[in-house]
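Notes to accompany the following structure.
Here is the naming used below: chain letters follow the sequence lines, and residue numbers restart at 1 for every chain.
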There are 2 protein chains.
Amino acid sequence: MEQVNTDNTKAQMRKGVLELCILSILSQGDAYPTEIIDKLKDTKLVVVEGTLYPLLTRLKNTGLLGYRWEESTSGPPRKYYKLTEIGEQYLKELQISWEELVNAVNSTIEKGKKL
Amino acid sequence: MEQVNTDNTKAQMRKGVLELCILSILSQGDAYPTEIIDKLKDTKLVVVEGTLYPLLTRLKNTGLLGYRWEESTSGPPRKYYKLTEIGEQYLKELQISWEELVNAVNSTIEKGKKL
DNA sequence: TTTAGTACTATGTGTTGCAAGGTACTAAAA
DNA sequence: TTTTAGTACCTTGCAACACATAGTACTAAA
């Protein structure tokens with residue numbers, strides 16, 4: 001018998017929506033990775049470096065993000081990421097997909113609650 | 001430059017929530033796999049056999065589901081899955097996790113839309 | 001000159017969704 | 001009787017992803 005692992009499922013649930021959240025945050029203004037992690041933490045979405053950095057690189061390589069280096073007075077230079085025009089369009093698509101998913105899941109849950 | 005792949009992200013978004021949806025459907029009453037796929041399709045969540053069967057086996061092995069065989073007059077026998085008591089409790093937890101996720105993501109999106 | 005804090009990067013692992021292919025049962029058509 | 005269509009279940013192999021872990025490097029204060 002395998003173990004019941006709620007935490008694992010919670011982690012799985014977050015897959016995919018991270019991309020949406022990161023693009024949303026960057027639509028508010030440029031940000032560097034550590035800043036993004038803090039902002040996600042504010043909304044109860046805990047993401048660690050090992051997750052965020054590869055994801056940002058992926059988004060950059062697909063042309064959704066650009067970046068620039070900026071000096072810091074309190075440590076190493078920061079890599080500020082910025083939403084490209086393609087990224088903005090893509091974000092709108094993802095927002096629609098997200099709404100559709102929420103509706104689909106909620107309608108399934110609602111049907112269950114009726115009985 | 002890699003390709004921008006919306007479909008892939010959509011698929012990723014659904015990860016984890018499938019478990020929630022399947023348990024929700026089974027909370028409405030016992031069902032066999034093909035039936036579950038049809039019900040998910042009704043709510044715009046397309047799931048294929050290669051996804052569902054391993055998932056059902058996993059849920060059974062963790063004790064969240066049980067099953068029984070039932071004869072059919074129109075084809076091979078059907079494997080009816082049923083939510084166990086542990087499964088019902090687990091479903092409640094997942095529903096809470098889902099609500100938390102929706103709130104977290106929506107608050108991130110909302111902040112973006114303000115600017 | 002050592003320590004603490006900040007920041008970015010790389011590697012390896014486990015889980016998962018899915019495509020593709022396969023088996024087997026029933027009933028109706030050829 | 002054989003073939004075809006419909007239904008249903010199952011397995012294998014792959015690619016993507018999140019994460020743990022470990023490492024490098026810069027600044028400032030102790």
Side-chain angles (χ1 to χ4, degrees), chain A residues 2-22 30-41 45-62 65 67-81 94 101 105, chain B residues 2-22 30-41 45-62 65 67-81 94 97 101:
Chain A
E2 299 168 28
Q3 280 244 306
V4 181
N5 190 346
T6 315
D7 285 346
N8 188 26
T9 301
K10 286 183 187 175
Q12 285 299 320
M13 273 192 186
R14 296 184 339 201
K15 283 195 182 186
V17 303
L18 277 186
E19 223 174 281
L20 168 60
C21 291
I22 289 166
D30 303 354
Y32 62 98
T34 308
E35 199 179 353
I36 294 173
I37 289 177
D38 287 342
K39 290 197 177 185
L40 285 172
K41 210 176 287 166
L45 271 175
V46 178
V47 179
V48 295
E49 294 181 322
T51 301
L52 185 62
Y53 283 96
L55 179 50
L56 287 173
T57 302
R58 198 161 65 239
L59 294 173
K60 183 206 67 185
N61 287 342
T62 55
L65 298 183
Y67 71 87
R68 66 174 190 281
W69 285 101
E70 211 163 281
E71 293 300 317
S72 165
T73 55
S74 63
R78 295 166 176 173
K79 201 171 181 177
Y80 277 85
Y81 282 92
L94 284 191
L101 176 68
V105 174
Chain B
E2 297 168 31
Q3 279 246 306
V4 180
N5 189 345
T6 316
D7 285 347
N8 187 25
T9 301
K10 285 183 186 174
Q12 285 300 318
M13 271 194 185
R14 296 186 338 203
K15 284 198 180 187
V17 305
L18 277 185
E19 223 175 280
L20 167 60
C21 291
I22 290 166
D30 303 354
Y32 60 99
T34 306
E35 200 180 354
I36 294 173
I37 288 176
D38 288 342
K39 290 197 177 185
L40 285 172
K41 211 175 287 167
L45 272 175
V46 177
V47 178
V48 294
E49 294 182 322
T51 301
L52 187 61
Y53 282 96
L55 179 51
L56 286 173
T57 303
R58 199 160 64 239
L59 293 173
K60 182 207 67 187
N61 288 341
T62 55
L65 298 182
Y67 71 87
R68 67 173 190 281
W69 285 101
E70 210 163 283
E71 294 299 318
S72 165
T73 55
S74 63
R78 297 166 176 172
K79 199 171 181 178
Y80 277 85
Y81 282 92
L94 284 191
S97 296
L101 176 68

Please state how far atom [atom1] in [X] lies from atom [atom2] in [N], giving the value in whole angstrom units.
X	N	atom1	atom2	answer
A:Arg68	C:dC8	CZ	P	12 Å
A:Glu35	C:dT6	CD	P	14 Å
A:Lys79	D:dT24	NZ	C1'	14 Å
A:Tyr67	C:dA7	OH	P	18 Å
B:Leu55	D:dT12	CG	P	18 Å
B:Tyr81	D:dC9	OH	P	8 Å
A:Leu18	D:dA18	CG	P	5 Å
B:Ile22	C:dT16	CD1	C1'	12 Å

Do [X] and [Y] make a side-chain contact, defined as non-hydrogen atoms from C-beta onward lying under 4.5 Å apart?
X	Y	answer
A:Leu94	A:Val17	no
A:Ile36	A:Val47	no
B:Leu52	B:Glu49	no
A:Asp30	A:Arg68	yes
B:Lys79	B:Leu56	no

Please write out each protein N/O paired with an N/O of nucleotides 26-30 of chain C under 3.5 Å, distance rounded to 0.1 Å.
from, atom 1, to, atom 2, distance (Å)
C:dT26, O3', B:Thr73, O, 3.3
C:dA27, OP1, B:Thr73, O, 3.1

*Kindly determine whether B:Leu45 and A:Leu101 satisfy side-chain contact (heavy atoms from CB on, under 4.5 Å), including the steps that lead there.*
CA-CA 8 Å; B:Leu45 272 175; A:Leu101 176 68; 4.1 Å; yes
*Relative to the ring of A:Tyr32, is the ring of A:Tyr80 parallel (under 30°), tilted (30 to 60°) or perpendicular (over 60°)?*
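Correct class here is perpendicular.
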*D:dA20, D:dC9, D:dT11: which one has an atom nearest the side-chain heavy atoms of B:Pro54?*
D:dT11
_Nearest non-hydrogen partners of B:Pro33 and B:Tyr53, listed with the distance_ = CB-OH, 3.5 Å
*For the residue pair B:Pro77 and B:Glu71, what are the closest heavy atoms and their distance?*
CB-OE2, 4.2 Å
_Students often get this wrong, so: under 4.0 angstrom with heavy atoms, is B:Thr34 touching a base, only sugar-phosphate, or nothing?_
sugar-phosphate
Short side-chain N/O contact to [N] OP1/OP2 from [X], under 4.0 Å:
X	N	result
B:Tyr53	D:dC9	yes
B:Arg58	C:dG17	yes
A:Tyr32	C:dA7	yes
B:Thr51	C:dC18	yes

*side-chain hydrogen bond (donor to acceptor under 3.5 Å, both in side chains) partners of A:Ser72, counting only residues at least two apart*: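 A:Ser74.
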_Under-3.5 Å donor-acceptor pair between A:Glu49 side chain and D:dC19 base_ = no
*Taking a pair as Watson-Crick (N1 to N3 plus N6-O4 or O6-N4) or G-U wobble (N1-O2 and O6-N3), both under 3.5 Å, which stems of 3 or more consecutive pairs involve DNA chain D?*
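The stems are C:1-30 with D:1-30.
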